[in-house]
Structure formats: structure tokens, C-alpha cells
Amino acid sequence: MPYQPNKIEPKWQKIWAKNNYKSWHTKDKPNKKHIYILDMFPYPSGEGLHVGHIEGYTASDILSRYYRMKGFQVLHPMGWDAFGLPAENYAIKTKKNPKEVVAKNIKNFRKQLQGVGFSYDWQREINTTDPNYYKWTQWIFLQLYKKGLAYEEEVPVNWCPSCKTVLADEEVVDGKCDRCGSVVKRKKLRQWVLKITAMADRLLKDLDLLDWPARVKTMQKNWIGRSEGVEVEFKVAGQNDYINVFTTRVDTIFGVTYLVLAPEHPLAKKILQENYQEDAIEYIEKALQKSDFERQFSVKEKTGVFTGAYAINPANRERIPIWISDYVLISYGTGAVMGVPAHDERDLEFAEKFHLTIKEVISSDGKVINSGPFDGLPYKKAQEKIALYVGGKKVVRYKLRDWIFSRQRYWGEPIPIIKCEKCGLVPLRESQLPLKLPEIKKYEPTGKNESPLADISSWVNVKCPKCKGPAKREVNTMPQWAGSSWYYLRYLDPKNKKKLIDLKKEKAWMPVNIYIGGVEHAVLHLLYARFWHKFLYDIGVVSTLEPFSRLINQGIILGEDGEKMSKSRGNVISPDTVIKKYGADSLRMYEMFMGPLSFSKPWNTKGVIGIYRFLSRVWSLIAENNDKLKENDALKMTVEAKRKIKENIQGLEKIRHKTIKKVTEDIENLRFNTAISALMEYLNELYQIPLDKVNKKHKETLVLLLFPFAPHLAEELWQTALKHRKSVEFEKWPVFKNELLEEKFYTLVVQVNSKVRDKIKAKKGINEAEAKKLAKDSSQVKKYLSKQKIKKVVFVKDRIINFVT
RNA sequence: GCCCAGGUGGCGGAAUUGGUAUACGCAAAGGACUUAAAAUCCUUGGCUUUUCGAAGCUUGUGGGUUCGAGUCCCACCCUGGGCACCA
């Protein structure tokens with residue numbers, strides 16, 4: 001019988017289901033070595049799993065199965081991140097209920113994941129849209145509110161005209177909506193905001209504790225954007241106003257020749273002098289209409305307008321003009337900048353365009369000049385002294401903005417706040433959670449800066465819990481990132497009705513040891529989750545500073561044309577089709593064999609066939625009777641051939657240990673591609689001798705090593721062909737003996753003038769003299785050495801000998 | 001513009017960290033089995049020259065260090081990713 005994955009795989013999946021996936025269940029409190037291996041949970045879209053999901057999930061499944069065989073308790077859960085726009089938009093399009101759409105998609109996703117043979121602890125499955133889950137998302141919000149970390153404020157926001165909702169800064173990429181690609185508009189709206197900036201310093205510092213890809217750390221660092229500087233006040237000449245300026249280079253303050261205000265700056269209009277009013281106000285109005293996208297990307301030349309007003313430089317009492325320009329951002333620093341054209345590129349550009357004075361205050365060797373009492377000091381040293389001299393205040397500024405947290409959409413967690421005209425904002429009591437999302441007929445976003453919930457008067461209008469007077473619920477919902485900011489905790493205690501998580505369980509399992517997922521969440525999910533985790537730490541819900549110790553980003557799988565997979569290109573590979581044709585084991589293994597996990601690599605269907613052939617050969621070796629081979633070999637075998645086989649059989653034990661070592665080390669270092677090639681080499685070696693002469697030990701080793709990669713085939717071979725009564729799950733991972741790996745001989749490479757001239761089999765550990773003798777006996781080497789005088793011999797033990805002439 | 005990562009056969013990629021470059025797989029060529037095809041199995045294996053013994057060249061390009069460089073150093077070119085008026 002040939003290898004038939006379509007029979008084997010459903011058979012085992014049924015058995016696993018029938019046992020309720022019990023062997024993958026984990027105890028709440030591990031009593032031995034344990035490891036938490038986590039996947040980024042999927043958004044259950046209508047399209048189902050794609051090959052990219054499978055890449056990361058296979059990697060984590062291999063690790064999970066491996067560590068179980070190593071005797072670890074492995075926590076490997078799965079769930080659904082199901083709130084958010086795609087489900088809602090799809091529901092609107094097809095006139096269905098998002099809840100039903102999500103339920104259907106989840107069912108499909110679960111079935112697909114089980115069809116690939118992933119060993120999740122399904123007892124712990126979670127769903128962010130389940131009221132029993134989002135009760136705790138709302139609970140966290142209430143705690144944030146109580147601690148003053150959630151507040152409502154009128155703020156300039158990013159508005160996506162197509163999704164008809166506000167977006168967080170992190171959701172805007174190149175001025176466009178991360179979801180739909182529409183150009184984002186600026187609006188001022190009253191919104192819920194989370195004070196992530198309160199954690200900026202800790203979010204930055206604690207990156208040092210993490211074993212994460214350097215580029216993800218860098219991205220977070222850049223996003224947080226810490227800079228130390230000084231705030232200095234400039235008096236407006238002839239007025240009682242002061243302009244506060246933030247600078248990181250206070251040492252250049254003697255070089256300030258003008259000030260610039262952002263158009264939004266509160267003093268911009270106030271200080272305008274006669275004759276300058278008209279132009280300046282026109283400039284300000286124009287700038288305010290422009291989106292940030294326009295201000296940053298389409299403007300090539302600096303623009304600006306003079307206010308007619310002057311300020312006094314506190315360093316040297318000089319009168320300097322005050323300008324307004326949109327190159328100064330209101331959202332960073334103080335919204336006002338001191339212009340030092342001699343030492344800042346942007347200021348130089350501005351000064352040149354408007355013919356402003358350029359005054360050098362730092363010499364080319366880094367010393368302060370033209371700065372009165374500070375001349376001659378190295379600029380670094382001067383900073384502190386000059387700051388003191390001008391009355392500057394040391395401050396730390398961040399690029400990071402607070403997290404705009406409300407969305408004008410239906411499909412999200414309701415914000416548990418009531419608005420009373422008398423009492424103001426009144427949070428729900430914890431006992432009133434979950435505040436359930438009401439059933440509703442129309443989900444379309446209203447576009448009126450409110451979610452469609454606003455139209456359900458029976459839900460919106462409530463009595464104020466404090467004064468019992470008429471009040472209204474907050475109608476906006478939370479962003480998609482809310483539920484995913486803490487889900488990894490709920491897996492540990494998914495059914496707890498009293499608490500978000502039992503602290504003992506948290507202590508037992510956290511932090512996540514290995515977290516695998518795409519790099520696209522570098523500054524979204526991963527930053528938000530770290531923020532919430534730190535908050536939960538502060539209020540005593542968790543005991544760990546950071547949620548994810550080690551992060552691994554899998555690369556993108558490209559289409560066969562080397563381009564990104566997309567429906568419009570028609571190069572999308574469907575995992576279902578591949579499974580149907582070659583089986584889930586081949587799919588899993590191929591995706592691991594393509595190359596290093598973190599690389600982006602193109603799909604190649606022919607490569608799947610290669611893996612399929614390999615698995616078929618494993619099958620033939622172990623499950624089939626190779627009568628044909630037996631006959632052929634037995635009859636024709638010469639004495640020489642028999643001797644060779646015997647030698648091979650002896651050599652195989654060494655190869656077995658070598659393979660165990662290689663596969664073990666490669667799995668632990670997530671080098672699955674080379675682990676698989678080691679398995680292939682092992683199988684190729686076994687095929688060097690008649691198959692009926694292959695010892696059972698080799699077959700068993702092969703199956704055990706193969707199990708994490710191809711669990712269905714391994715299970716079938718283990719129980720059916722090799723006649724074991726228990727699952728491979730319960731077997732121990734094979735061990736290798738280092739002493740068996742030691743070779744007696746090695747290939748001595750003989751070089752003449754660094755060119756390889758011969759390779760000689762030599763005993764390990766021989767010294768230079770012995771090696772020299774061996775090498776000189778070689779006719780090949782003699783040829784090259786006959787006339788030359790040897791000037792030098794380089795000998796590396798157990799490796800090479802090099803004659804230099 | 002700035003900051004990372006990376007350039008190895010026709011392709012995906014290996015290479016014990018300075019010591020046999022191209023493991024493993026795909027594709028290709030030749031052969032066996034077959035009426036035939038598919039499947040399977042065996043053999044070949046970078047490029048150039050060749051008297052078939054072999055000789056020379058080869059890890060993006062050009063230099064350097066070294067007995068020896070894919071690996072280390074310098075300069076440049078290209079690809080991918082991130083940041084982008086953050087004062």
C-alpha cells in the first residue's frame with residue numbers, strides 16, 4: 001500500500017478529536033519544567049487560513065510537540081481576535097449579523113487548524129467578542145479610568161473617511177488608513193484617550209529585558225522617540241507674553257536668529273502686528289486645512305509668514321523676528337522652535353528662503369564660539385551651563401502620543417461609561433459588567449462622529465447611577481486592539497468568573513516564553529500589550545514586568561512569481577488545495593523546509609512534491625514489504641557488496657546519533673529547514689542498504705524525530721507499522737551519546753600553497769610530523785612539491801596541512 | 001536623506017564561525033522498469049579549457065589583512081525593510 005495522507009490524516013484527526021484533544025491539555029499550575037508557547041491569534045476572516053498563518057503555527061506546533069516529548073508541560077493555546085472592521089464590513093455588505101459572520105468564520109478556522117494537526121489546548125479557547133471575555137476588557141478600561149489613565153478630551157484625531165471612524169496614530173501608515181488605504185483627514189473630536197505616554201519611559205527601558213528581533217526593538221524605540229532637552233522661555237518684545245521653546249541643543253542658543261511657531265500655536269494669532277494680520281491669518285487658515293499627510297509629504301519647499309512681532313533671546317538680549325511655519329508641529333515639544341540656521345538643516349533651509357541671519361556658534365572642532373562667556377567650551381560641556389544661564393528647564397520629550405481609544409463603529413467592546421449632565425462621567429460598577437453590545441438592525445457607520453449605537457435609544461438612555469436623573473451611555477466602542485492587548489493572560493484562566501486571572505496561575509506560567517507572529521504588529525499590538533501588561537502589573541493583577549520574553553517573526557511567504565500574494569494578482573496559494581493533494585504533513589514540512597523561518601521566501605509547488613516524495617520514502621521503508629528489493633539484492637549480491645553492506649550497517653549507528661543531535665539542536669534554535677535536511681540525509685543513508693536489513697531502531701528513531709514535523713504520518717507508522725500501543729506523544733525524545741559521535745578518522749586536506757591537492761583518510765589526533773609523512777607519500781602532493789623548497793608548513797589538527805613554498 | 005538586514009549554481013537555500021564552497025531539496029540530462037505514459041529506482045552535477053591524466057576560475061564589485069577569506073577590515077554597487085520636518 002502506498003503512502004496515502006488522505007486516509008491517514010483524517011483517521012488520526014478523528015481519534016484526537018474523539019479523545020477530546022486531551023493529551024494537549026495543560027494543568028493550571030505546572031508541577032515540573034514548563035514552557036508557554038504562543039501564536040499570535042488570528043483574525044477569523046471569511047477567507048480562512050492562508051499559508052502565512054500555517055508557517056508560524058507549524059513552527060510553534062513543532063516546538064510544542066518537541067517539548068512535550070522532552071518532558072515539559074507545554075501551554076499552547078489558541079483563540080480568536082474577532083472584533084473589528086473586516087467582520088463588520090463584510091456583515092454590512094452581505095446584510096448579515098457580525099456575530100453570526102464571526103461564529104461561522106471561527107468554526108471554519110477551527111476546523112482548518114485541526115485539519116493541519118496543530119496540537120492546541122482547545123479547553124482554553126477564547127474569543128474576544130464573547131461577553132465573558134470582553135467583560136474583562138471593559139474591566140481593565142474601568143481600572144485605567146480610575147487611575148486617571150483613561151480620559152476624554154477634545155483632540156485632533158485621524159479620521160478615515162471611508163471607514164468613518166477615528167484611528168490611532170499607530171493605525172496610520174504614510175498618512176493613510178492601515179485598513180483601507182484612504183487618506184486620513186484631521187479633525188478635532190472629543191475622544192477617549194489612554195495615557196500610554198505615562199509609561200513611555202518604562203516601555204523604552206524594559207525593551208532591554210527582552211529577547212526580541214533587533215529591528216522590532218528599534219521600531220518601538222523610534223516610535224517612542226525619547227529625547228532629552230531643555231525648555232527655554234523667550235519674551236515677546238513689548239508684550240507680556242512668553243514663548244516656550246523646546247530644544248535638544250541649548251548650546252546653540254546664541255545662534256538663534258528667529259523663532260517659529262506652529263500655525264496651531266495659541267499665541268500665533270495673538271502676537272500678530274498690524275500690516276501683518278491679513279497674510280498671516282490666511283496662512284494659518286490654509287495650514288490648518290491641510291492634513292498632516294499633505295504637510296509632511298507633498299510640501300517640498302518651506303513656507304512661512306512673518307508675524308511682525310519680535311522676541312528677546314534670553315542668552316544675548318537680541319531682538320529676533322517671530323515667524324509662523326507649518327514645518328513646526330504643534331504635537332511635538334511646545335509647538336515653537338528656536339531657529340538656529342547655522343546648525344540645523346531645516347532651519348537653514350527656512351532662513352535661506354526668507355533671508356534671515358545665519359550665525360555660527362559652534363566651530364568645526366565642536367567648540368562653542370560667538371557665545372559670550374561660554375566661548376571655547378566643548379559644545380557638550382556647554383549645554384548644562386548655558387541652560388542654567390538662560391533659565392532653561394530640563395525636560396524629556398517623547399514622540400509617542402496618547403492612544404486614541406474610541407471608534408465610531410458598532411463591532412467592538414462598548415465603553416462602560418455613562419454620561420450624566422449633572423454628574424459628568426460616571427463609570428459602571430464592576431458588577432454591571434459585561435456591558436453587552438446590543439442587538440441591532442443597522443450596522444452602517446453613521447459618519448456623524450458616533451457609532452450606530454447612538455440610534456438605539458433603549459440602550460443609550462439610562463438612569464444615572466449616581467443621581468438617578470436621565471443620562472446617556474457612551475456610544476463609541478473600543479478599537480480592535482483592546483481585546484488582543486491582554487488575551488495571552490486569559491488563556492491561563494479562561495473560565496474565571498471572579499477575576500481576570502488568578503494570580504497564582506499567572507505566576508506559574510507567565511511570561512510567555514516563545515511568541516511567534518508577523519512583524520506587522522511591531523508598534524501596534526506589541527506596544528499596546530506591553531502597555532496594558534505594565535498597567536496590570538502596577539495594580540497587582542500580574543507579577544511580571546513584560547508579557548513576551550522571546551519574540552520570533554516569521555517571514556512572508558510570497559507567491560510563485562516572487563510577488564506578495566494577493567487576490568488581484570491571482571497568485572494566492574490555498575492551504576486547503578495543498579492538503580487535498582499532498583496532505584497536511586507535506587504542507588507543514590514544506591513550509592518549514594523552504595528556508596529560515598524569518599526569511600521571506602517564494603512558494604514553489606514543486607518543492608512540496610519533494611517533501612511528499614521524502615515522506616513516501618519514509619513510508620516505504622517502514623510500512624511496506626519491499627519484496628522486490630529483497631529478491632534483487634539477495635540473488636545478485638557479490639562478496640564485495642555484502643562486505644559494503646556490513647560496513648554501512650555498522651556506520652549507521654553513528655549516523656543515527658549524529659542525526660538525533662542535529663535535529664535536536666536545530667529544533668531548539670528554530671532552524672527547521674536544516675533539521676529536515678538532516679532527516680533526509682539519514683533516510684538516504686538507510687536506503688544505501690537493503691531495506692529489509694534496516695534495523696528497527698533506525699525506523700523508530702526516524703519516526704520519533706519526524707513526529708513534531710509530520711505528526712499524522714509518524715503516529716500511523718508508530719502504532720500501525722511498528723506496532724506500538726501508545727501514541728508517540730508519550731514517547732521520550734531520542735537521546736544521543738556524544739562519545740558515539742566521535743570519529744576515529746577524518747579527511748586530512750592537503751594543500752600546497754593553499755590549494756587543495758589531495759584528501760587523505762587519517763587517524764584523528766595525529767601530530768604534525770605524522771601528517772607531514774602521510775601527505776608527502778601522496779603522489780598528488782609529490783607532483784607539486786618535487787622541485788620546490790618548503791618554506792613553511794601550517795598544520796591544523798584534525799583538519800588540514802598546508803605546504804607553503 | 002538617516003538607520004537596520006541581506007547579496008552564494010537555472011531556483012529555495014547549506015557551510016562546525018578563518019580551514020574540503022555549493023549539504024538538502026527543486027529543476028535539468030542520461031539510463032532501468034513499462035506496449036506507452038505517469039509513478040518509482042539508478043547515474044550525472046558550478047563555469048571555462050582539456051591530450052580525458054587533469055589545469056585554471058568562481059560566494060554583488062574593487063582593494064586589504066592572512067599560509068588560507070562566503071566568513072575579518074576599507075570603499076563602492078544593488079535588493080528588501082524601517083524611520084522621515086520630532087527641533
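- Residue T218(A) holds its OG1 atom at 12.0 Å from CH2 of W212(A), rounded to the nearest 0.5 Å.
- Here A87(B) presents its C1' atom at 12 Å from CD of E231(A), a figure rounded to the nearest Å.
- For F350(A) and Y258(A), the ring centers are positioned less than 6.0 Å apart.
- The salt bridge (Lys or Arg N to Asp or Glu O under 4.0 Å) contacts involving residues 753-770 of chain A comprise nothing, where partners must be two or more places apart or lie in separate chains.
- Counting to the nearest Å, the C1' atom of G10(B) and the CD atom of E560(A) are 16 Å from each other.
- Both tests hold for R617(A) against Y687(A): distance to the six-membered ring centre under 6.0 Å, angle to the ring axis within 45°.
- Under the 3.5 Å distance criterion, the side-chain polar atoms of H343(A) are left unmatched by any main-chain donor or acceptor of E360(A).
- The interatomic distance linking I611(A) (CD1) with G12(B) (P) rounds to 17 Å, in whole Å.
- Taking the nucleotide of RNA chain B with the nearest heavy atom to each of T747(A) and M338(A), the more 5' of the two is matched to T747(A).
- If K606(A) and T248(A) are placed on RNA chain B by their nearest nucleotide, the residue sitting closer to the 5' end is K606(A).
- The same atom, C1', is picked in G62(B) and in C3(B); the two are 26 Å apart, to the nearest Å.
- Look at CG on L683(A): it is 18 Å from P on A23(B), rounded to the nearest Å.
- Comparing atom distances between the K302(A) side chain and each of G56(B), C85(B), G25(B) picks out C85(B) as nearest.
- Between Y332(A) and A87(B) there is a side-chain N or O to OP1 or OP2 distance below 4.0 Å.
- Ring geometry for F246(A) versus Y332(A): interplanar angle over 60°, hence perpendicular rather than tilted (30 to 60°).
- Here the C1' atom of nucleotide G25(B) and the CE atom of M592(A) are 15 Å apart, to the nearest Å.
- In the model, T701(A) has a side-chain atom that pairs as donor or acceptor with a side-chain atom of R656(A) under 3.5 Å.
- Pairs of residues two or more places apart, or lying in two chains, that qualify as salt bridge (Lys or Arg N to Asp or Glu O under 4.0 Å) and include a residue from residues 601-616 of chain A are E55(A)-K601(A).
- Base orientation for U17(B): syn, the chi torsion being within 90° of 0.
- The stretch residues 217-230 of chain A touches RNA chain B through M219(A), S227(A), each having a heavy atom under 4.0 angstrom from the strand.
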Identify the pairs formed between an N or O of the protein and an N or O of nucleotides 46-54 of chain B at a distance under 3.5 Å, and give each distance.
none

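- Stem regions annotated for RNA chain B: B:1-7 with B:77-83, B:10-12 with B:24-26, B:28-32 with B:40-44, B:46-49 with B:54-57, B:60-64 with B:72-76, counting only runs of 3 or more consecutive pairs of Watson-Crick or G-U type with both contacts under 3.5 Å.
- Closest to the side chain of T247(A), from the set C26(B), A87(B), C24(B), is A87(B).
- For E560(A), the salt bridge (Lys or Arg N to Asp or Glu O under 4.0 Å) test picks out no residue, with sequence neighbours left out.
- Contacts of K755(A) with the nucleic acid, taken as non-hydrogen atoms under 4.0 Å apart, involve only primed sugar atoms and P, OP1 or OP2.
- Distance, R617(A) CZ to C42(B) P: 6 Å, rounded to whole Å.
- With Y682(A) as the fixed residue, the side chain to side chain donor-acceptor pair (under 3.5 Å) test singles out one of H698(A), K662(A), K658(A): H698(A).
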Give me, pair by pair, the N or O atoms of the protein and of nucleotides 13-17 of chain B that are less than 3.5 Å apart, along with how far apart they are.
from: A14(B); atom 1: OP1; to: N673(A); atom 2: ND2; distance (Å): 3.1

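- For residues 212-221 of chain A, the set of pairs meeting the salt bridge (Lys or Arg N to Asp or Glu O under 4.0 Å) definition, not counting sequence neighbours, is empty.
- Residue E624(A) contributes atom CD, which lies 17 Å from atom P of A39(B) at whole-angstrom precision.
- With sequence neighbours left out, K393(A) forms a salt bridge (Lys or Arg N to Asp or Glu O under 4.0 Å) with E231(A).
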Could you tabulate the donor-acceptor pairs under 3.5 Å formed by side-chain atoms of residues 792-802 of chain A, not counting sequence neighbours?
from: D798(A); atom 1: OD1; to: G765(A); atom 2: N; distance (Å): 2.8
from: N802(A); atom 1: OD1; to: S754(A); atom 2: N; distance (Å): 3.0
from: N802(A); atom 1: ND2; to: S754(A); atom 2: OG; distance (Å): 3.2

Any protein N or O atoms within reach of nucleotides 63-69 of chain B? Criterion: under 3.5 Å, listing atom names and distances.
from: C67(B); atom 1: OP1; to: K792(A); atom 2: NZ; distance (Å): 3.4
from: C67(B); atom 1: O2'; to: S754(A); atom 2: OG; distance (Å): 2.7
from: C67(B); atom 1: O2; to: N802(A); atom 2: ND2; distance (Å): 2.6
from: G68(B); atom 1: O4'; to: S754(A); atom 2: OG; distance (Å): 3.0

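- Ring pair F672(A)/F709(A) is perpendicular by interplanar angle, where above 60° counts as perpendicular and below 30° as parallel.
- For residues 668-680 of chain A, the pairs satisfying salt bridge (Lys or Arg N to Asp or Glu O under 4.0 Å) are D666(A)-R671(A), with sequence neighbours left out.
- Between W212(A) atom CH2 and G82(B) atom P there is a gap of 18 Å when expressed in whole angstrom units.
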